[in-house]
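To keep things clear, I will list the structure first and then write my remarks on it.
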Amino acid sequence: MSLSALIQQQIKKHGPITVADYMQLALQHPDYGYYTRNDPLGAKGDFTTAPEISQIFGELIGAWMAMQWEIAGNSGMALVELGPGHGTLMADILRATRKIPDFHDAISVHMVETSPTLKQKQWSTLAGAHLSLHWHDGLDTVPDRPLLLVANEFFDALPIRQYVHTKKGWQERMITLDKEGKLAFTMVAAKPPAALKKLPVSENIYEYSEPSIQVMHMIGTRLKERGGAALIIDYGYTGGTCADTLQAVKAHSFHPVLEAPGAADLSAHVDFDALANAAVTKGAIRFPVAPQGRFLERLGADLRLKALCKDATVAQKSAMISGLERLTSPDAMGDLFKALCVAHPDHPHPDGF
Ligand code: SAH
């Protein structure tokens, strides 16, 4: 049976499902889920992420992490990555910080990952790191130590629900079956989460990711109680939006959202203010969100590029220049992708923001 057929059967029996239920099934179903079955990343996969495009991304984040560790008082800390993909970002972070005195001795490394395929891949990418590495299915089992956390393109994969404030009242966009029995969107009267109730009437869609809020509550609580900083990078928006950002991507192109669930990546743009506010309600502080391009430039991306180009061949040079350009240019990933830092209330304004 296909996942599509399974979902159709479930809707027939129990009625329409939320967009969040659909995302959860499509991405995480134990047998058919996209992340359970596939390796989504790279040229042969469906999409490519910043650490796979340029090593400069992970190297600058490594230097940034070490700076936050120094600010936090050189204490023992848990270095945590949420959704580490191939493990490339963590490998670059660890390589870039190898020579920082005492840093590696002070940290334990924790990878939060649900996909068995990707856990395996991360394990082999990081096999050369002479550090103790730990894997977890969720942040809740990561030891409660001062926190250095990074998440790149993690929150976009967490389920969202979609609400519309119509003249008839609040409605939720759900998934049902059309006359031919195919998956189709429908609107159902709904009670929205409290956070949305203050918003102006709009026939457009408001999105709300409960699982993202829960993760940010956990991060905020740990930062407040134990200290440290968290860096969240993703595609998304600030200032609240009212648009449908649910998207499916397959083989580096957009794909119909309700077609072949489990076979395409499914994601939504990240609501950075909602993430930041969730951490703030638990006592952390937030800094202004920075576009990815500006963030990397402020951390010295150009200097790092120059250093790497010194001993490079012409082909390597041109690949490095175009890789960094893709990460920083406003026409590519420089503006749509953004960086958010939340931290312990005494943490000073970090570089890059
Ligand atoms: N950060 C990586 C990979 C991004 S893809 C990079 O930048 O290359 C999204 C990652 O999050 C994958 O590793 C995926 O398996 C993981 N993931 C998705 N949903 C998750 C969940 N609910 N809990 C833990 N990991 C999850």
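When a ligand or atom number is given, it counts from 1 through the structure's own listing order.
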Have Ser108 and Arg145 got a donor and an acceptor in their side chains that come within less than 3.5 Å?
yes
Can His134 and His110 be counted as having a side-chain donor-acceptor contact under 3.5 angstrom?
no
Residues joined to Met187 in its hydrophobic cluster, side chain to side chain under 4.5 Å directly or through other members, sorted by chain and number, are Val164, Ile205
I'd like to know if Asp244 and Arg173 make a salt bridge, using a cut-off of under 4.0 Å between side-chain N and carboxylate O.
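Salt bridge between Asp244 and Arg173, a charged N being under 4.0 Å from a carboxylate O: yes.
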Does ligand 1 have any N/O pairs with the protein under 3.5 Å, and how far apart?
from, atom 1, to, atom 2, distance (Å)
ligand 1, 1 (N), Gly83, O, 2.7
ligand 1, 1 (N), Asn152, O, 2.7
ligand 1, 7 (O), Thr49, OG1, 3.4
ligand 1, 7 (O), Asn152, ND2, 2.8
ligand 1, 8 (O), Thr49, OG1, 2.5
ligand 1, 13 (O), Gly85, N, 3.0
ligand 1, 13 (O), Glu113, OE1, 2.5
ligand 1, 15 (O), Glu113, OE1, 3.4
ligand 1, 15 (O), Glu113, OE2, 2.5
ligand 1, 19 (N), Gln28, NE2, 3.0

For residues 236-277, pull every pair meeting ring pair (Phe, Tyr, Trp, His ring centres under 6.0 Å), keeping only residues two or more places apart or in separate chains.
Tyr235-His269
Got a sec, which residues hit salt bridge (charged side-chain N to carboxylate O under 4.0 Å, His left out) with Glu207, two or more places apart in sequence or on another chain?
none
